[in-house]
Structure formats: C-alpha cells, structure tokens
*Asks:* 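This is the structure I have questions about; it appears just below.
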Amino acid sequence: MPLSAPLFSPSSPNAPDLPLLHGLNPEQLAAVTLPQGHALILAGAGSGKTRVLTTRIAWLLHMGYASPGGIMAVTFTNKAAKEMQTRLSALLPISLRGMWMGTFHGLCNRLLRAHHQAAGLPATFQILDMQDQLSAIKRLCKAFNVDTERYPPKQLGWFFASCKEDGLRPKDVPTHDPDTRKKVELYQLYEDQCQREGVVDFAELLLRSYELLRDHPALRQHYQQRFRYLLVDEFQDTNKLQYQWLKLLAGEMEDGRIVGTSSVLAVGDDDQSIYAFRGARVGNMQDFLREFAVPHQIKLERNYRSHGNILDCANALIENNSQRLGKNLTTDQGAGEPVRIHEAPTDLDEARWLVEEIQALTKNDGFPRQEIALLYRSNAQSRVLESRLFNAGIPYRVYGGLRFFERAEIKHALAYLRLLENPQDDTSFLRVVNFPARGIGARSIEALQEEARQTGCSLLDATTLVSGAAGAKLRSFHALIDVMREAVAGQSLRHTIEHVLHASGLQEHYRADKEGQERLENLDELINAAESFVLQEGFGKDAIALPLDETASAAPAALTQSPASQGIDPRLPLLNQPLAGTDADTGETLSPLQAFLVHAALEAGDNQAQAGQDAVQLMTVHASKGLEFDAVFIVGLEEGLFPHENALSDKGGLEEERRLMYVAITRARQRLYLSHAQSRMLHGRTSFNLPSRFLDELPSACVKHLSARGFGSFSPKKEAASAYSTRFSNTFNSENIIKSADTALASKNTGSITKGQTVFHAKFGEGRVLAIEGVGDDARAQVNFPRHGSKWLALAIAKLTVVE
DNA sequence: ACTCGACGACGTTGT
DNA sequence: GTCGTCGAGT
C-alpha cells in the first residue's frame, strides 16, 4: 500500500518554543509534536529515533496532554527500556511512577500479576526461561515416552512457541497430518504441565495476557481508557500476537478498523527487521497503516551517526531488497574515509590482521577501545578472535555469552528461592533436590515422579508418598525447604538470599570445590544484584503510594462511565476489588522476592558487569542492533556464513540476511572494516568460501581494498579454490577441495612443491605437505609440522625447501 | 549413588 | 571444537 499520508506541519501552534524541542530537525519536531491520532514513524538507523520517542513523551507530559499513568511505552529489549527511562528522567524532573514503560514481556507480566486470578494463574507464578522450558519439555517427553529422535525437545519448544505467537491454543491448531497431531497432543500436555506447576514460558506471557484482555471486556476497556498514548519502539520486530495485543489495548475493532480514543505511535524501520526467524512480522507495519487508518506518517532519513561513505554503502546494499517501504539515509558529515575491505587466507590470518588494525587504531589514531566493535554473524566465530586478542593482550568484552542469571550456580540459587515462593514448581524442584548432593538419585526421583503423576500433585507434595529410605531423604528435603521458608518469612531480600545460600548448602558446596571460587563470587554477586534491585525499585519506601495524578482517580471513574461496565460481571474477581489498587504498578502487590525472581527471569542480565572498562566489544550482528561505535569490523563476510547458508533457501531469508548486513554497516560512525577469509575452520573442518555477495553490492567508489599483508598484491579475481567451490555447494570438506585444487594446479603451480612431500621451514622445521592451493603469488601450502601442527604458508613468503 | 571417560550428534540469530 | 548421553568403575 502506498505511503502517502501527509506530513504534519511542525509550524503549528502545538509546537511552542520549548527548550525541550531545541535541536530537533523538522521531521523529528513534527514527530514529537504530532497531534492526537495514530502515527507511523519510519526511523532510519541513526536518525535519532530514541530521542524522538523520549522527547515525545516528555512533550506530552509537559503540555499536559497526558499524565504518566496515561502513557504506555513498549520496547523489545530491557536495554532500550532502560535507556528510555534514563533519558526521560533527564528531560523531565517529575516522577514517572504510573507510566508503563518496558518490554512486551515485562508489561505482560505486569498485567498478569495484577490480574492473575482472571488470567487463571496463581499469584506466585514463575517464568520459565529457555533452559527451564527445555528441561520441562524433556521431562514431559520422558513421562509420556515420547520418541525424542522423532520429536526433539528443542524442536517441540520451537513448535509450541510459534503456535503461541500465532495466538493458537492446542485446540486451534489445524492438524492435517499425524505428525502435527502428535505435536499438538504434546503441546496440550505441555500446557497442562505448566498450568499444574504454575509456570509460564515467554510466549505464554504474551498469549495469556492477550487472552486476558480479549476475554474480559470491562478490564480491556479500563486499560483502553487509561492508556491514551501508546508508543511502540522497533515496531518492525513485533510478531502477530504482539500486534493483536496492541490492538486490544488501542481500542475496539469495528469493520476492520480500530476505533478508540487512544493514539498509537509506532516507530520502526523495515530495513532493520532481523527477527523474522522468531516470529517478527514486518507486515504489521502495513497492517497498522490500514487497520488504524493511520493519518500521520513521518520518515526520519537524516542520519547523525555515520560518515558518507559508510551510509552510501548501507543505502546501496539495501537497495537490493525488493520488499521495502523505501527510505534513503543522508548525512551532512561528509564522505569520510573509504570503507576498508580485507581478504585473508584463513580465519586465523583474519584474526591476526584484525589485531594489528586494532592496535593501530588505538595507538596511532587514538580510538578508545570501547569504541571499537567486532561484529560477526554467529557466536561460534568469536573463539578465534578472542584467542588472538587474548594473546595480543588487548582487553575485550564478549556480549551474548552465558549471562549472569543463566549461570548454573545462580540458577540453583534461584531455584531454591522459587521453591519457597511456589512449591508447585517442579522444574526448580528437580534442579536442586539433589544439589548439593543429598544421596537422592535417579531411581528415587523416578519413584517420586510416578507418585506425583498418579496423585496429580507436585513433586514436593509427593515426597510424603514415597516409602523406604528414599522417601525419608525426600521428606528431609521437603522439610529443608519448609524450614527455609519459615526462616526467611518477613526478612529482607538480602537476608533471604544469604540464608538460602547457606541453609541449602550451596555455599558450602562451592567452598569445598577448588574450582568453585568463581561460582562463590557469583553467588556473592547475586546478593549484590538483589541489593541494588531493591534500592532501584524502591521497595519498602513509597512502594504502595500511587501518584497523585489522574490515573488513580480518573481510571475507575472512566470505568464506571463506560457502557460496557454497567453490568459488571461479579464473577470477575478483579472487578470486585478497587481497580486503582490492582492495576497500577508492578511491585505493588509483589513481595521483593517475587519481584526479584521476575527480574531474574525477564532480564537475564548483562553477561559481564565490566561496563566502563576500556575493552574492545565483541558481539553478533543481532546483538549490535541499537548500538553505535566509532570503528566497526564486520568479519567472516563469506557466502554460507554471511549470508548464512541456512537462510539462502528462500528469498525472504536472503533479504533478512541483507538487512542484517545493513544493520551491521550502520553501526559504524567513522570507520568500517569488512573482512573475509578464503578458508576457515567451520564445524571442525576446513571450508572454503567465496566472498560474500554483499561485498559486491557496495559501490566501488566508497570502498578500498586493502592489500593483503605479506601476500603480494591483492587480486580481485576469484582464486582457483574459490572458483571451484561454486561447483560444489558453498562449503564442503577439505578433502574435496584438495582434490580439485590439485587438479587445477597441476599445470599452473609455479613452485616445485607438491602434495605429500616433506619440506623444511626455518622456524617450524620439517613438515609434510597436506595440500596446495592458489596460483602465483597467492599459492599456499598446508604443511603439517610435528611440533607446531598444520599451517597454511604462502609459498611467496615462506621459504620452504624440499627435503628429499 | 556418584564420577569419569568415551562416544556420537550437532552445530544461526535471542526476548 | 563442544555438548549431552551412556556405560563402566568406585
């Protein structure tokens, strides 16, 4: 559908000369001061999107168009939510209590906590992260003798999640084949299990709160009237369910259109949609325009981040995508330096080159280390980079490894805490019933699970049903939990955790373990995390007090005025309570411990709290979204890797890879390096890959090919090995390439060195030639040295002499 | 009941 | 190369 909505004129009387608005460009100003009504902001990378969002909120509040309680702002990541919070607090000196700002999952959790009864959940319901979910599914499979060869738990989890993201309960899933029927059957069993244990997974948070709003008109209308302004960040990443959820909050549907008094401001960039694999639906942007009859649409195309050459590369690249709303970024910063492209013989050489460039950047050009980012397509690539950086003594920080709350010792501690809150939580029970070891083995657990299944009760409750010595041990564990619960009743969060760490024996266990030092420190860190969480959330102070704005008073009033609430259904438990008290703020009805457990589940935490350290930043391209750096390296730009081979099967997949590349490029402010290797260790074997097609899509005027250090002049032509690789798919094992390279080189190979010979190297000594590839100056030999392992050596550089 | 070693399968992106 | 599972040994 054409995007022809008129621009709102910024010169309206709605936009007085406020300091708040200073420095905004005309489009930003227009977006910030939009009148009532829905709007779509197409915000290009680096166009000041977050600034627009926060200033918009500040402006609404400042002008009195809304109170904090009338605003809901949704983001995808906790990082973005926090950032918004911080910036907003800097703009406005008022309390933002009552404003709903957070991630989709966070807000859904908030909704479900406030109305847990209506949602059919216990007040103490716990949230399953991916690990928990997987172990829950595995347990389910075991209990029902599922063939996990045919139905791998991981795949089942993915199936359940995608059903939920489409808003489908088991009964709604169409089953045309026996395979799907089986999976749906398991889906139902999984749901039953979760319900029985009082736990919800990530997708369930969304689906459950969607259903809550859908099935309770009075409640829905209450929130519809409360939230006059809904702001959604990264709208292109919303999935079907999130969009439906938003629609319910925005107003009632009539004739395919939304009617209501709220204004939805969706901010997004279709070119940065990189989460289709997990259900994101860019089509939501078009649907939004249509179903909300969006009157205002603004494009933010001025980029304040990157130099011209970088931006030109990004623009040219993304032009190759067909499904676009259309957008072109501009800058007035000047062209800057060319984008540098480097080709390395191997992934190891790539890493070596990278280290040298980084050293030059920091030493000669004065780039701070934390302003340098290394981006890669998949996590596995970080290893080589890390080891080279480590050897070179360059401090670095890897994002996206095991995060704090995902560490085993932390999960153990949390499992105890969760059991105190929710004794039904079998996942937590199983995690810690024998950790530290209590002599409760697999057989005892099996017996226990059998009893629990027959009785339909939780594992903890079933401990009373098991006979014999095993039963006694199980009951003493039960007693341990009960004693802990009593001991921490009414205690502060800090004391609670300290007590649990001690009484559970966790601390002692790690203290006895000589490898457990780091884990002990992490447990201490958990206490610190809890402490700062309590301070941040302000528990114990004015936690109960509601802001004295219209929220507290107007919301119930609005409810009584609304026609639909005249005949309140008395069966709805929530409506028998004063709404202002229940709906208002999270945490209000939550104990500090409960809130902390939610916090731990919803934000797995940064993986390393070493922020502020002067370290090079390593992360996947996905993780880099929303960040920016002075200098960016994008490595591993090879066919099959980036674009990833799994994404090449369909066109949509390739376009998403291209958007991913677009995101990566637009992270750079001043300097951008792109590199690829002719061969790399992948999945434990050497593979030979063509340079990524994305490199060919960049305008040659903006790029500069660096000559390979020590390998003679750079040759833009495909190498012999690479040329052959096109005939055998993109990656194949080294045996194939050796064969083909051998044939290719039979006549062309200049040197006298051939495969199988023993050669001598000044540094490495004698070694056997495993393979030869390349021609002329680029010819290389893979030589296996007894003491140094196998190495690729350039024949033009390394002085190899044939031994016999 | 627990620990350890061998073995095989499996390798994107993540709230 | 890593992870999880399985079997044997203590």
Side-chain angles (χ1 to χ4, degrees), chain A residues 74-81 102-109 127-131 133-135 138 142 148-149 152-155 157-158 161 164-165 200-206 233-234 237-239 241-242 273-280 347 375-384 386-387 399-403 405-406 433-446 469-470 473 513 598 601-605 607 619-626 636 640-649 653 656-657 659-661 663-664 680-687 731:
Chain A
V74 201
T75 62
F76 268 83
T77 62
N78 295 300
K79 202 166 58 184
T103 62
F104 275 102
H105 293 89
L107 297 181
C108 286
N109 171 68
I127 299 164
L128 298 183
D129 66 13
M130 279 258 290
Q131 291 178 40
Q133 190 200 18
L134 197 62
S135 72
K138 281 181 181 165
K142 216 170 214 170
T148 47
E149 299 280 289
K154 253 200 187 131
Q155 211 173 298
W158 185 82
K164 290 184 186 187
E165 277 157 16
V200 298
D201 60 35
F202 282 138
E204 185 72 20
L205 280 173
L206 291 166
D233 194 12
E234 308 280 18
D237 287 337
T238 50
N239 64 33
L241 185 57
Q242 285 160 337
S273 157
I274 55 173
Y275 285 108
F277 74 91
R278 89 180 181 208
D347 52 347
L375 308 184
Y376 35 82
R377 176 64 178 81
S378 61
N379 274 312
Q381 289 170 257
S382 75
R383 286 204 99 69
V384 193
E386 280 186 71
S387 78
Y399 284 79
L402 201 57
R403 289 178 299 191
F405 288 112
E406 291 168 355
V433 63
N434 198 34
F435 195 96
R438 298 187 176 87
I440 300 173
R443 296 199 57 119
S444 310
I445 302 290
E446 250 165 60
K473 284 178 186 165
D513 184 359
V598 168
L602 247 31
E603 14 192 328
N607 59 330
M619 66 193 82
T620 64
V621 179
H622 280 94
S624 77
K625 189 161 159 210
L641 195 63
F642 198 177
H644 197 277
E645 55 181 337
N646 296 5
L648 290 175
S649 47
E656 176 145 321
E657 294 290 304
R659 291 193 294 269
L660 204 47
M661 180 67 185
V663 167
R680 88 171 47 239
M681 282 292 276
L682 221 52
H683 316 322
R685 44 179 45 169
T686 310
S687 63
T731 58

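Chain letters run A, B, ... following the sequence lines, proteins first and then strands; every chain starts at 1.
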*Asks:* Rounded off to whole Å, could you give me the CZ-to-C1' distance for the A:Phe405 and B:dG14 pair?
*Replies:*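 Whole-Å distance recorded here is 18 Å.
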*Asks:* Atom NZ of A:Lys154 and atom C1' of B:dA9: how far apart are they, to the nearest Å?
*Replies:*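 The distance from NZ of A:Lys154 to C1' of B:dA9 comes to 11 Å, rounded to the nearest Å.
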*Asks:* Centres of the A:His622 and A:Phe277 rings: under 6.0 Å?
*Replies:*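 Yes, the ring of A:His622 comes within the 6.0 Å limit of the ring of A:Phe277, centre to centre.
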*Asks:* Is there a side-chain contact between A:Arg383 and the phosphate of B:dG11, meaning an N or O under 4.0 Å from OP1 or OP2?
*Replies:*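 Indeed not, no polar side-chain atom of A:Arg383 lies that close.
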*Asks:* Determine whether a donor-acceptor pair (N or O, by modelled atom type, separation under 3.5 Å) exists between the side chain of A:Asn434 and the backbone of A:Ile440.
*Replies:*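 A pair under 3.5 Å: yes.
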*Asks:* Quick one: A:Tyr275 OH to B:dG14 P, roughly how many Å, whole number?
*Replies:*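 Rounded to whole Å, this separation is 6 Å.
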*Asks:* In whole Å, what is the span from the NZ atom of A:Lys142 to the C1' atom of C:dC6?
*Replies:*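 My rounded result for the distance is 12 Å.
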*Asks:* Mind checking if A:Phe202 touches a base, just sugar-phosphate, or nothing, with heavy atoms under 4.0 Å?
*Replies:*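 Base contact.
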*Asks:* Passes salt bridge (charged side-chain N to carboxylate O under 4.0 Å, His left out), A:Glu656 versus A:Arg659? Steps please.
*Replies:* CA-CA 5 Å; A:Glu656 176 145 321; A:Arg659 291 193 294 269; 3.3 Å; yes
*Asks:* Pair A:Asp201, A:Lys164 - check salt bridge (charged side-chain N to carboxylate O under 4.0 Å, His left out), show working.
*Replies:* CA-CA 10 Å; A:Asp201 60 35; A:Lys164 290 184 186 187; 3.0 Å; yes
*Asks:* Looking across every strand, which nucleic acid part, if any, lies under 4.0 Å from A:Asn434 by heavy atom: base, sugar-phosphate, or nothing?
*Replies:*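 Result for A:Asn434 = sugar-phosphate.
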*Asks:* Let me know the distance between CZ of A:Arg377 and P of B:dT13, rounded to the nearest Å.
*Replies:*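 So the two atoms are 7 Å apart, to the nearest Å.
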*Asks:* Between A:His622 and B:dT13, do the rings stack, that is, sit under 5.5 Å apart with planes less than 30° off each other?
*Replies:*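 Whether judged by distance or by angle, A:His622 falls short somewhere, so it does not stack on the base of B:dT13.
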*Asks:* Where the side chain of A:Ala647 is defined as all heavy atoms beyond and including C-beta, which of B:dA1, B:dT12, B:dT15 is the nearest nucleotide?
*Replies:*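 The answer is B:dT12, which lies nearest to the side chain.
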*Asks:* Using the C1' atom as the reference point in each nucleotide, state the distance between C:dG4 and B:dT13 in Å, no decimals.
*Replies:*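 The answer is 23 Å between these two C1' atoms.
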*Asks:* Starting at atom CZ of A:Arg278, determine the distance to atom C1' of B:dT15, rounded to an integer number of angstrom.
*Replies:*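 Value for this atom pair: 5 Å.
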*Asks:* Tell me the interatomic distance from A:Gln133, atom CD, to B:dT15, atom P, rounded to whole angstroms.
*Replies:*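 Distance check: A:Gln133 CD to B:dT15 P gives 14 Å.
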*Asks:* Base, sugar-phosphate alone, or nothing: which one does A:Glu234 contact when heavy atoms must sit under 4.0 Å apart?
*Replies:*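 No contact.
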*Asks:* Go through it in stages, so that I can follow the logic: the residues are A:Glu386 and A:Arg383, the test is salt bridge (charged side-chain N to carboxylate O under 4.0 Å, His left out), and I'd like the CA-CA distance, side-chain angles, deciding distance and then a yes or no.
*Replies:* CA-CA 5 Å; A:Glu386 280 186 71; A:Arg383 286 204 99 69; 5.9 Å; no
*Asks:* State whether A:Asn379 places a side-chain N or O below 4.0 Å from either non-bridging phosphate oxygen (OP1 or OP2) of B:dG14.
*Replies:*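 Looking at the OP1 and OP2 atoms of B:dG14, one of them is under 4.0 Å from a side-chain N or O of A:Asn379.
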*Asks:* For A:Leu134 and B:dG14, give me the distance from atom CG to atom C1', rounded to whole Å.
*Replies:*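 Atom-to-atom, A:Leu134 to B:dG14, this comes out as 14 Å.
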*Asks:* Examine distances only and state if a side-chain atom of A:Glu657 and a backbone atom of A:Phe642 form a donor-acceptor pair shorter than 3.5 Å.
*Replies:*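 No, because the side chain of A:Glu657 does not come within donor-acceptor range (under 3.5 Å) of the backbone of A:Phe642.
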*Asks:* Within less than 4.0 Å of OP1 or OP2 of B:dA1, is there a side-chain N or O belonging to A:Arg438?
*Replies:*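 Answer no for this pair, as no side-chain N or O of A:Arg438 is under 4.0 Å from OP1 or OP2.
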*Asks:* Under a 3.5 Å cut-off for both contacts, is B:dG11 paired Watson-Crick or G-U wobble with anything, and if yes, with which nucleotide?
*Replies:*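 Answer to the pairing question: none, since B:dG11 forms no Watson-Crick or G-U pair.
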*Asks:* Would you tell me if any nitrogen or oxygen in the side chain of A:Thr620 comes within less than 4.0 Å of OP1 or OP2 on B:dT12?
*Replies:*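 For B:dT12, OP1/OP2 do not have a side-chain N/O of A:Thr620 under 4.0 Å.
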*Asks:* By the 4.0 Å heavy-atom rule, please label A:Asp237 as base, sugar-phosphate, or nothing.
*Replies:*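 No contact at all - A:Asp237 keeps every heavy atom at 4.0 Å or more from the nucleic acid.
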*Asks:* Mapping A:Ser378 and A:Ile440 onto DNA chain B by nearest heavy atom, which one lands closer to the 5' end?
*Replies:*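 Per heavy-atom nearest nucleotide, the more 5' residue is A:Ile440.
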